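Read the structure below first, then the notes.
Residue numbers begin at 1 in each chain, while the letters A, B, ... track the order of the sequences. The model shown is predicted, which means the values in this text are computed figures rather than measured ones.
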Amino acid sequence: MNDTPTLTLYNSLTRQKETFTPQDPSRVTMYNCGPTVYSYAHIGNARAAVVADVLFRVLRHIYGQEAVVYARNITDVDDRIIQSAKETGKPISEITEKYAKIYNDDLAAIGCLPPTYQPKATEHISHMIEMISKLMEDGFAYASDDHVFFDVSTYDDYGKLSGNTLDALRGGDRVGEGEVARKKNSADFVLWKPELDGVGWDAPFGRGRPGWHIECSAMAKATLGEVIDIHCGGVDLKFPHHENEIAQSCCANGHEKFANYWVHNEFLNMAKADGSSEKMSKSLGNVTLVHDLLKEWDGEVIRLALLKAHYRSELNWSEDLLKESKAQLDGWYRKKADYFRVKSLGAGSNVPTYLDELLDELNIPLLLAGLDNVSEYIETLYTANSEGGISNEQMSENEDWNIFVDLDFMIKRANLLGFLQKDPEVWRKGGLDYDVLVEEYDSVRAQAIAAKEAGDKAKMGEMFKRSDEIRDQVAAEGIVIESGPDGKSTWRKA
RNA sequence: GGUACCAUGGCGGAGUGGUGACGCUCUGGAUUGCAAAUCCAGCUACCCCGGUUCGAUUCCGGGUGGUACCUCCA
């Protein structure tokens, strides 16, 4: 294992780039906070999931597929879910199962591998109760007015992750409102709440339901262990969610750390008409759902758009970003079609694949550029051929082999990142069928060319006009006709 | 008020103490009946002011501008 690639990650906890060293290379653990399933996932949720997915893929590449254990939870007990059940009159399980499935389907469509474990909060209530009991026994938590709170004053490192201090947090107090009145310190957070609308579980400290933060602590422990290697999530979860997870887990489990590395992705902003941008939020009414985008765009286009910026940079989301991603992928897929052509000539390759660019803090944009660099190199080979008077179809076996190796390398790397998974023909045609119309186009054009050769200009003009009409007609339906050198045309979805 | 992040061409976006990747767009050319696609060529950028240095876009300080978190939120 001397040649294990070295991965560096920016650790939000220490605020510096660090070399990643797992506790056990044969069982590398990562946790990502999953969705609360009461509605569709939006594109911001997707960014967090895609970033975690890339990290998952890189870890699998380094340590082996079986060696990486990735847990992404489903929060299926929550006030918003209870409220939604009440409003729609549907059973809670119907709502949570529906949206959990949609979430998984949508993420699969944008190339996210399924996590090793997908624990549901309702299946881990006993673990949460255990953890809360332990915290109470050891004096880290206290009961108050049918609630149980974590006492932040008992944990010295509270605020270390987010950079908040208890004094600073105290500044925002609104004493007397709601929970604040029940707490010892305003920063104390709830571990257990009383039953709501019949939703509750029996516990030694009273029938009730879990607070939000304890869920992740309990599920991470149940699926991955008491100390995990990497914890991912969006920056907005850093405080209070992740801060509270650390406090609970460390105090309950008796370890100095909960996660050794914290990886936080930056936010996604929505572009505004005036060129500025603002964060996506429901209150601003600018939420874009993955589910809706998938109706119009291929999942790989959305995935590429999400990965165009470094995960620690903010990403401005826009329609142009999607268009740009589509254009870039079209180019890659042309290369993939070429790959099959050369492969059919008998070329072979066993080049090793690597993701070195990602080892430096998941520099995804650099790897994407690397794909295009290979692509460009292949062009120079083609150009060299054409200058030698040889068509690409007539290249020597040796040249084919060279090109194949490069294409193979590029495509394998793209595949590792979750791109170029489709057949190039399927990609081009998007499941449509315009073969008949395009054949007619060719046939009319052939007549035009024949008329031209016969010197019949009137007929030539007429035939070209008819072929142009066909081309305009399919163009109106979003189809682009591409003429081949031999008079045979192909077509693709624009 | 507290905390943190960011500032590169028309747009997106890497990177580096010493000719500024890559993608998209755009311009010119080849090709085409005209297009499309493809190929070739090309235009355009490191927020401002100091400091360190032989040399800074890159390091340090200040300024300006932008953003996020401190409340449910990826």
Side-chain angles (χ1 to χ4, degrees), chain A residues 12 15 32-36 41-52 78-80 159 162-165 167-172 174 177-178 187 212 232-241 243 264-269 271 275-283 287 304-305 308-310 312-316 318 320-321 323-332 334 357 360 363-373 375-376 379-380 382-383 386-387 392 445 448-449 451-452 457 460-461 463-465 467-468 471-472 475 479-485 489-492 494:
Chain A
S12 313
R15 277 168 212 157
N32 184 217
C33 293
T36 301
H42 58 65
I43 192 67
N45 298 324
R47 186 181 191 194
V50 168
V51 168
D78 177 89
D79 288 6
R80 288 164 296 180
S162 58
N164 285 314
T165 63
D167 282 341
L169 290 169
R170 220 164 269 141
R174 281 171 295 178
E177 286 180 33
W212 173 40
C232 325
V235 278
D236 56 324
L237 289 183
K238 203 192 269 189
F239 187 89
H241 185 52
E243 194 76 74
H264 287 106
N265 63 276
E266 254 301 339
F267 241 74
L268 181 148
N269 299 318
S276 67
S277 65
E278 62 189 3
K279 77 179 240 183
M280 182 165 65
S281 77
K282 284 181 184 163
S283 55
V287 174
L304 179 58
K308 271 183 160 298
H310 190 105
R312 285 204 293 124
S313 301
E314 290 175 9
L315 175 67
N316 291 326
S318 67
D320 282 346
L321 188 65
K323 284 182 189 161
E324 198 180 306
S325 304
K326 163 81 163 64
Q328 194 166 3
L329 274 162
D330 282 342
W332 291 349
R334 268 180 232 120
E357 292 90 336
D360 181 18
N363 195 335
I364 298 161
L366 190 60
L367 175 53
L368 296 178
L371 296 180
D372 283 304
N373 283 331
S375 180
E376 207 165 284
E379 292 305 338
T380 66
Y382 281 150
T383 304
S386 61
E387 281 168 1
N392 294 337
R445 257 187 99 236
I449 291 165
K452 183 189 176 192
K457 287 201 171 171
M460 178 190 84
M463 288 296 120
F464 272 133
K465 189 165 171 257
S467 69
D468 287 350
R471 195 167 67 194
D472 291 346
I479 299 300
V480 178
I481 292 180
E482 294 175 0
S483 305
S489 303
T490 58
W491 58 275
R492 68 182 169 88

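Looking at heavy-atom distances under 4.0 Å, A/D320 makes no contact with the nucleic acid at all. Residue contacts for A/G233: at a heavy-atom cut-off of 4.0 Å it reaches the sugar-phosphate backbone alone, with no base atom in range. Here A/S162 lies in heavy-atom contact (under 4.0 Å) with sugar-phosphate atoms only. When heavy atoms are screened at a 4.0 angstrom cut-off, A/R492 is found touching the sugar-phosphate backbone but no base atom. Backbone-only engagement by A/V480 is indicated by non-hydrogen atom pairs under 4.0 Å involving sugar-phosphate atoms exclusively. As judged by a 4.0 angstrom heavy-atom cut-off over every strand, A/L321 is placed among residues touching the sugar-phosphate backbone only. Counting non-hydrogen atoms under 4.0 angstrom, A/S12 reaches nothing in the nucleic acid.
Residues that satisfy the side chain to side chain contact (heavy atoms under 4.5 Å, CB included) test with A/A46, not counting sequence neighbours, are A/I43, A/I110, A/V290, A/L306. Not counting sequence neighbours, the partners of A/D78 by the side-chain hydrogen bond (donor to acceptor under 3.5 Å, both in side chains) test are A/R80. In this view, A/M463 and A/V444, A/Q447, A/A448, A/K459, A/R466 satisfy the side chain to side chain contact (heavy atoms under 4.5 Å, CB included) rule, not counting sequence neighbours. Residues that satisfy the side-chain hydrogen bond (donor to acceptor under 3.5 Å, both in side chains) test with A/S467, not counting sequence neighbours, are absent from this structure. Looking at residues two or more places apart in sequence or on another chain, you find a side chain to side chain contact (heavy atoms under 4.5 Å, CB included) between A/N45 and A/A41, A/H42. Judged as a salt bridge (charged side-chain N to carboxylate O under 4.0 Å, His left out), and not counting sequence neighbours, A/R15 has no contacts. Annotation: side-chain hydrogen bond (donor to acceptor under 3.5 Å, both in side chains) contacts of A/H310 (sequence neighbours excluded): none. Not counting sequence neighbours, the partners of A/D330 by the side-chain hydrogen bond (donor to acceptor under 3.5 Å, both in side chains) test are A/K326, A/W427. With sequence neighbours excluded, the residues that form a side chain to side chain contact (heavy atoms under 4.5 Å, CB included) with A/K323 are A/W297, A/E319, A/D320.
In summary, the side chains of A/S162 and A/E243 do present a donor paired with an acceptor at a separation below 3.5 Å, with no hydrogens or angles considered. A donor and an acceptor atom, one from each side chain of A/E314 and A/N269, are located under 3.5 Å apart.
B/A36 sits 12 Å from B/G28 when the P atoms are compared, rounded to a whole Å. Comparing the C1' positions of B/U52 and B/G12 gives a spacing of 34 Å, expressed to the nearest Å. Spacing between B/A37 and B/A74 at atom C1', rounded to whole Å, works out to 40 Å.
Side-chain atoms of A/R47 stay outside donor-acceptor range of the base of B/A74, with no qualifying N/O pair under 3.5 Å. Checked by distance alone, A/S483 brings a side-chain donor or acceptor within 3.5 Å of a matching partner on the base of B/A35. A donor-acceptor contact under 3.5 angstrom links the side-chain atoms of A/D468 to the base of B/G33. Interface remark: the A/R15 side chain does not form any donor-acceptor pair with the B/C5 base, using a distance-only criterion of under 3.5 Å.
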With the criterion being N/O to N/O and under 3.5 Å, what pairs connect the protein with nucleotides 25-31 of chain B, and how long is each?
none

Please list, for nucleotides 13-15 of chain B, all pairs of protein and nucleotide N/O atoms separated by less than 3.5 Å.
from, atom 1, to, atom 2, distance (Å)
B/A14, OP1, A/H310, N, 2.9
B/A14, O3', A/N363, ND2, 3.0
B/G15, OP1, A/N363, ND2, 2.6

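Among the nucleotides B/G33, B/A74, B/G23, the one closest to the side chain of A/L268 is B/A74. Residue A/R445 has its side chain nearest to B/G33 when only B/A37, B/G33, B/G12 are considered. Here the nucleotide nearest the side chain of A/N373, chosen from B/C70, B/A21, B/A36, is B/A21. Of the candidates B/A74, B/C22, B/G33, B/G33 carries the atom nearest the A/F464 side chain, counting heavy atoms from C-beta on.
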Handout entry: Bracket notation of RNA chain B in which parentheses pair within the strand, [ ] cross earlier pairs, and | pairs with another strand (Watson-Crick or G-U, under 3.5 Å)
Key = (((((((..(((.....[...))).(((((.......)))))....(((((..]....))))))))))))....
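Residues A/N265 and A/R312 form no side-chain contact, since every pair of their non-hydrogen atoms from C-beta on lies 4.5 Å or further apart.
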